[in-house]
Structure formats: C-alpha cells, structure tokens
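First comes the structure, then the notes that go with it.
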Amino acid sequence: MPSEFAATPELILLPAVDVADGKAVRLTQGAAGTETDYGDPVDAATEWARQGAEWVHLVDLDAAFGRGNNTGVLRKVIKQLKGVQVELSGGIRDDDSLHAALESGAARINLGTAALENPEWAADVIGRYGDAIAVGLDVRGTTLAARGWTRPGGDLWTVLARLEDAGCSRYVVTDVTKDGTLRGPNLDLLRQITERTTKPVVASGGVSSLDDIAALRELVPSGVEGAIVGKALYSGAFTLAEALDVARD
C-alpha cells in the first residue's frame with residue numbers, strides 16, 4: 001500500500017529565464033541594476049528543457065520595469081521550447097500586451113502590476129481566459145509590490161480576497177525580500193496564502209538548496225503546486241535533474 005506522501009502529486013519546478021536587454025539575467029531582490037548576465041536566453045531555456053523541465057518561467061524584465069521590451073527574444077525562446085510549457089510574465093498590463101503574450105505560444109500568462117492597479121480589467125481577463133491566467137503576488141511582509149517592485153501595491157489579504165471573488169485560477173507568490181538572495185523560501189507566507197485559497201499556488205523567491213525543494217514539496221498537499229527556481233540553478237547550487245528528483249520523490 002503506497003504511503004499518503006508517495007501518492008501526493010509532484011512539485012512542479014519552473015526554471016526561470018529572466019530577460020533584460022536581450023540577455024538572460026538574474027536580479028537580487030528584483031532591483032534594477034543588480035543584473036548578473038547569464039548569456040543567451042534561448043541557450044538557457046533549451047538547457048533547462050534538456051535537463052527535464054516541463055515548464056519554464058519566462059520574464060521580460062524590461063517590460064516589467066517599463067523600459068522597452070524583449071518580445072522578439074521571448075518569441076524565439078518559446079518557439080525553441082518544443083514540448084515544454086511556458087509561463088510568461090512581465091509588463092502585461094492592457095489588452096494589447098495581453099493579446100501579444102497569448103499569441104506568443106505561452107501556455108500561461110502571469111499578470112502582475114495590472115491586477116493591482118486595474119482590478120476591473122484584471123477581473124475581466126480572468127473571466128475570459130480562466131486557467132491561462134495566473135496572478136503574481138509580489139510581497140514584502142503583507143504589502144504587495146508593484147511596477148517592477150518599485151512601489152507599494154496594497155494589502156495582500158485585501159487584494160487576494162478581491163482576486164478570489166474574480167475567480168482567479170492560480171497565484172504566483174514571490175517574497176521580494178528573498179528573491180535572488182539564496183536565503184530560502186518564505187514557507188510561512190505560503191502557508192498563510194494556501195489557508196485563504198483553494199487555488200494552486202506557485203512559490204517563487206529564495207530557493208537555495210535541495211532541502212528548500214523538499215520543504216516546498218511537503219506543502220503540495222496544502223496547495224503549493226510548483227516552485228520557480230532561478231539563481232540556485234544558475235550558480236550551480238544543484239542541477240535541475242537533482243531538483244526534479246526531490247520534487248517527485
């Protein structure tokens with residue numbers, strides 16, 4: 001008889017490919033100017049696919065910061081990732097940017113600032129596109145961060161209740177203070193959010209070790225569906241194959 005834990009669905013891992021000025025980069029705590037350059041985004045994404053990724057979290061940082069976009073590069077990445085699903089994020093704030101994102105071939109679109117600053121539009125998009133839309137909740141304490149994490153975006157619990165009413169199908173939760181720091185994920189924050197929604201939650205920020213993957217895996221029965229992993233992979237803390245073994249164990 002298999003144990004209850006063994007029967008638990010795996011933790012889905014989404015290696016991150018953040019693009020700025022046409023290059024794959026990583027930031028520290030989401031701050032512009034902290035970029036570390038990791039080369040060609042297509043090479044980065046195809047390497048994660050080669051190592052077994054089923055999803056890639058692809059971010060247009062320039063669009064998120066409102067300083068241009070990398071649309072052509074992102075489309076090229078998505079085209080190369082045959083058999084791998086892409087969650088696309090960054091600067092999707094109106095119908096034009098949303099339609100461009102949906103037409104890029106991405107399986108899921110992650111709304112950030114738009115869901116905070118234009119709640120009526122966000123609710124309409126959630127109603128129209130359902131499971132193709134996730135909402136990013138980027139958090140400092142219990143205050144949301146907006147516009148590339150450069151300014152406050154309201155109270156987390158107020159916004160979450162509003163998104164629940166709108167029927168949001170999935171949340172991508174980032175502790176901004178931990179992102180790119182390799183200091184471990186904010187497990188308490190994730191528990192608090194999964195207590196307030198029955199929708200799947202994707203964790204982001206701070207993953208530094210295979211122990212962190214194991215800790216997130218234990219939250220799968222509570223509603224944590226997946227985890228975005230960035231700097232730990234790029235810095236060689238562990239391989240994606242090793243992480244996938246823990247996530248599926």
Side-chain angles (χ1 to χ4, degrees), residues 9-16 18 26-30 55-59 61 64 87-90 92 108-117 119 122 126 131-208 212-232 243 247:
E10 70 182 77
L11 178 76
I12 298 166
L13 296 184
L14 300 87
D18 293 2
R26 298 302 301 160
L27 304 182
T28 300
Q29 296 185 343
W55 279 87
V56 165
H57 182 74
L58 185 60
V59 184
L61 287 175
E87 178 177 85
L88 187 60
S89 185
I92 301 158
R108 190 157 72 219
I109 308 304
N110 192 21
L111 298 183
T113 296
L116 311 180
E117 294 183 348
I126 288 164
D131 202 44
I133 303 295
V135 171
L137 299 173
D138 302 331
V139 186
R140 283 192 183 91
T142 58
T143 300
L144 290 159
R147 290 275 163 181
W149 300 353
T150 57
R151 67 171 188 241
D155 175 70
L156 168 61
W157 307 124
T158 304
V159 173
L160 180 61
R162 191 174 74 217
L163 290 165
E164 285 287 285
D165 288 344
C168 184
S169 65
R170 184 176 277 96
Y171 302 100
V172 178
V173 178
T174 305
D175 182 341
V176 176
T177 64
K178 288 179 174 286
D179 191 65
T181 65
L182 300 177
R183 289 205 310 245
N186 188 335
L187 301 175
D188 288 339
L189 172 66
L190 293 166
R191 288 189 193 99
Q192 288 173 41
I193 288 176
T194 56
E195 283 170 5
R196 288 169 169 83
T197 179
T198 58
K199 305 297 172 49
V201 171
V202 177
S204 175
V207 171
S208 63
D212 290 339
I213 303 284
L216 290 167
R217 172 76 174 79
E218 289 182 14
L219 296 182
V220 169
S222 305
V224 174
E225 174 188 68
I228 295 166
V229 188
K231 200 166 228 173

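Quick caveat: nothing in here was measured; it's all calculated off a predicted structure. In what follows, every heavy atom counts, from backbone to side chain, and hydrogens, waters and symmetry copies are set aside.
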Could you list all the salt bridge (Lys or Arg N to Asp or Glu O under 4.0 Å) pairs where at least one residue sits in residues 186-195, not counting sequence neighbours?
-> Asp188-Arg191

Enumerate the residue pairs fulfilling salt bridge (Lys or Arg N to Asp or Glu O under 4.0 Å) with a member in residues 219-230, sequence neighbours excluded, ordered by first and then second residue.
-> Arg170-Glu225

Any chance you could lay out the side-chain contact (heavy atoms from CB on, under 4.5 Å) test for Leu14 and Val56, step after step, and finish with the verdict?
-> CA-CA 5 Å; Leu14 300 87; Val56 165; over 6 Å; no

Heavy atoms, side chains only, cut-off 4.5 Å: are [X] and [Y] in contact?
X	Y	answer
His57	Pro15	no
Trp55	Leu13	no
Val202	Val173	no
Glu87	Val172	yes
Asp212	Arg217	no
Asp165	Leu163	no

Please identify each residue that fulfils side chain to side chain donor-acceptor pair (under 3.5 Å) with [X], with sequence neighbours left out.
X	result
Glu10	Arg248
Thr194	none
Thr158	Asp155
Thr197	Glu164

Considering residues at least two apart in sequence or located in another chain, which fulfil the side chain to side chain contact (heavy atoms under 4.5 Å, CB included) criterion with Ser169?
-> Asp131

Set of residues satisfying side chain to side chain contact (heavy atoms under 4.5 Å, CB included) with respect to Ala215, sequence neighbours excluded = Leu187

What's the spacing between [X] [atom1] and [Y] [atom2] if we round to 0.5 Å?
X	Y	atom1	atom2	result
Leu137	Leu156	CG	CG	6.0 Å
Ser89	Asp18	OG	CG	8.5 Å
Asp138	Asn110	CG	CG	8.0 Å
Ser208	Ile213	OG	CD1	9.0 Å
Tyr171	Leu190	OH	CG	14.0 Å
Asn186	Thr174	CG	OG1	11.0 Å

Do you know which two heavy atoms are closest between Val135 and Cys168, and how far apart they sit?
-> CG2-SG, 3.6 Å

Closest non-hydrogen contact found for Leu216 with Ala227 is CD1-CB, 3.8 Å

Just checking, Arg162 and Trp157: is the charged tip under 6.0 Å from the six-membered ring centre and within 45° of the axis?
-> no

